[in-house]
Protein chains: 2
Amino acid sequence: VDVSQFLSQPAESLMIAADNVACVYVDHTLEHALLVLTHSGYSAIPVLDTQSAVRGLIHTNLVINTVAGLDGYHMESLSHQTVGSVMSDRVPTLRRSEPLLKALELAINHTFICVVEEDGRLAGIITRKALLGKLYQYVRE
Amino acid sequence: VDVSQFLSQPAESLMIAADNVACVYVDHTLEHALLVLTHSGYSAIPVLDTQSAVRGLIHTNLVINTVAGLDGYHMESLSHQTVGSVMSDRVPTLRRSEPLLKALELAINHTFICVVEEDGRLAGIITRKALLGKLYQYVRE
Ligand SMILES: Nc1ncnc2c1ncn2[C@@H]1O[C@@H]2COP(=O)(O)O[C@H]3[C@@H](O)[C@H](n4cnc5c(N)ncnc54)O[C@@H]3COP(=O)(O)O[C@H]2[C@H]1O
Ligand SMILES: Nc1ncnc2c1ncn2[C@@H]1O[C@@H]2COP(=O)(O)O[C@H]3[C@@H](O)[C@H](n4cnc5c(N)ncnc54)O[C@@H]3COP(=O)(O)O[C@H]2[C@H]1O
């Protein structure tokens, strides 16, 4: 198997399944989102809607910037704002059957790519780490 | 030029120069570090000592976790703690002349690699984005 055979494999072959992906919902509070982000250790995680469709991403920096004021950080306002009102909706998605070459192209500018079912529900994510690990194996040979 | 010629090029050929790298110093407060992290938008940045040698990394999640308590976030204590006391010292470094293949290997588990001078001073960083962008160009041909 050479690198071009690897990159024509389907996206689902390299994804972390949705069950193992930390995520939050559009109606959750920013307080809850910050808890999930800091406990998981991830700097950004997917945001889903009630049908588990991918709606956006939420970053720790984005949450902190939302409550940063001239006189300090208003952490008490985190429980009054929802994830949906501040999340970034620049989230790259791929279908399970799309080739990994497409995931590599998207990974240049995104730290992870969401893999979705035909109806938009989250199936899993492909991370830069997984792609880099594989590419390293192929280029060394 | 094929991919193996690219990967035998020196690390300095793909780095962002130190002048353009957001960083903080070991003696800075966590309050200052959080400001630099949230204003730059980066989730982790290098920590330098007074001789500009690389000493560690600081992440936004790490700063928030430091002040997270059972009854909320104690942001006022950020100004009483130094970066050096909480930073993570797991920071991969390379010298300018080391090959990009080594940077690729380190980038599997690190979002960026610090390139250092012989005396340990920061010369620049190599990002996963830069490596992925180049690799994509080579594998598409
Ligand atoms: N608990 C852990 N154990 C080992 N290594 C860890 C780790 N947390 C982070 N890292 C390392 O740090 C990189 C950047 O993590 P970050 O959270 O900024 O950025 C992450 C995060 O935003 C997201 N991500 C990764 N796994 C996730 C998951 N299971 N659930 C939700 N989001 C995830 O994808 C981005 C890229 O992940 P990637 O693996 O390429 O790259 C990861 C990985 O190399
Ligand atoms: N202002 C911006 N403009 C355009 N794209 C942006 C951006 N900020 C972040 N990104 C995108 O998000 C990725 C992850 O950023 P993050 O801050 O988690 O993780 C970053 C950050 O921790 C660090 N980094 C990158 N450039 C830096 C700089 N000039 N100074 C200090 N740290 C930097 O290296 C990690 C990997 O960077 P990489 O470029 O591979 O990957 C970046 C890039 O693809």
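The analysis underlying the following values was restricted to heavy atoms, covering all of them including side chains, and did not include hydrogens, waters or symmetry mates. First the proteins, then the strands, lettered A, B, ... as listed; each starts at 1.
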Colleague: Could you see if A/Met75 belongs to whatever hydrophobic cluster contains A/Val36? Use Ile, Leu, Val, Met, Phe, Trp, Tyr and a side-chain cutoff under 4.5 Å.
Modeller: yes

Colleague: So for A/Leu35, is it side chain, backbone, both, or neither that comes closer than 4.5 Å to the heavy atoms of chain B?
Modeller: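 Answer is both: backbone and side chain atoms of A/Leu35 are under 4.5 Å from chain B.
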
Colleague: At a heavy-atom distance under 4.5 Å, which candidate from B/Ala130, B/Ser4, B/Gly41 has the highest pair count against chain A?
Modeller: B/Gly41

Colleague: Treating Ile, Leu, Val, Met, Phe, Trp and Tyr as nodes and any side-chain heavy-atom pair under 4.5 angstrom as an edge, say whether B/Met87 and B/Val63 lie in one connected cluster.
Modeller: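 As far as the 4.5 Å side-chain criterion goes, B/Val63 and B/Met87 are connected within one cluster.
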
Colleague: Against chain B, work out which of A/Ile64, A/Thr127, A/Ile108 has the most heavy-atom pairs shorter than 4.5 Å and name it.
Modeller: A/Ile108

Colleague: Looking at A/Arg128, A/His59, A/Glu31, A/His110, which makes the most heavy-atom pairs under 4.5 Å with chain B?
Modeller: A/Arg128

Colleague: Within a radius of less than 6.0 Å around CG of B/Asp119, do more than 12 heavy atoms belonging to other residues, nucleotides or ligands occur?
Modeller: yes

Colleague: Sort B/Leu34 into side chain, backbone, both or neither according to what part of it lies under 4.5 angstrom from a heavy atom of chain A.
Modeller: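 Both backbone and side chain.
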
Colleague: Treat each ILVMFWY residue as a node, draw an edge where side-chain heavy atoms are under 4.5 Å apart, and state whether A/Ile126 and A/Tyr136 are in one component.
Modeller: yes

Colleague: Consider only side-chain heavy atoms of I, L, V, M, F, W and Y, link residues closer than 4.5 Å, and tell whether A/Ile113 and A/Ile45 are in one cluster.
Modeller: no

Colleague: Chain A heavy atoms under 4.5 Å from B/Leu7: which part of the residue, side chain, backbone, both or neither?
Modeller: side chain

Colleague: Run the side-chain hydrogen bond (donor to acceptor under 3.5 Å, both in side chains) test on B/Asn61 and A/Thr38 for me, step by step, so that the C-alpha distance in whole Å, both residues' side-chain angles and the decisive distance to 0.1 Å come before the verdict.
Modeller: CA-CA 5 Å; B/Asn61 275 347; A/Thr38 53; 5.6 Å; no

Colleague: Can you tell if the side chain of B/Arg140 reaches within under 4.5 Å of the side chain of A/Glu105, non-hydrogen atoms only?
Modeller: no

Colleague: What I'd like to find out is whether the side chain of B/Val139 reaches to under 4.5 Å of the side chain of A/Tyr138, using heavy atoms alone.
Modeller: no

Colleague: What about B/Tyr25 and B/Leu30, same hydrophobic cluster or not, with Ile/Leu/Val/Met/Phe/Trp/Tyr joined at side-chain heavy-atom distances under 4.5 Å?
Modeller: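 No; tracing contacts between hydrophobic side chains, which count when under 4.5 Å, never links both residues.
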
Colleague: Mind checking the CG-CG spacing from A/Leu132 to B/Leu135? Nearest 0.5 Å is all I need.
Modeller: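 The distance works out to 7.0 Å.
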
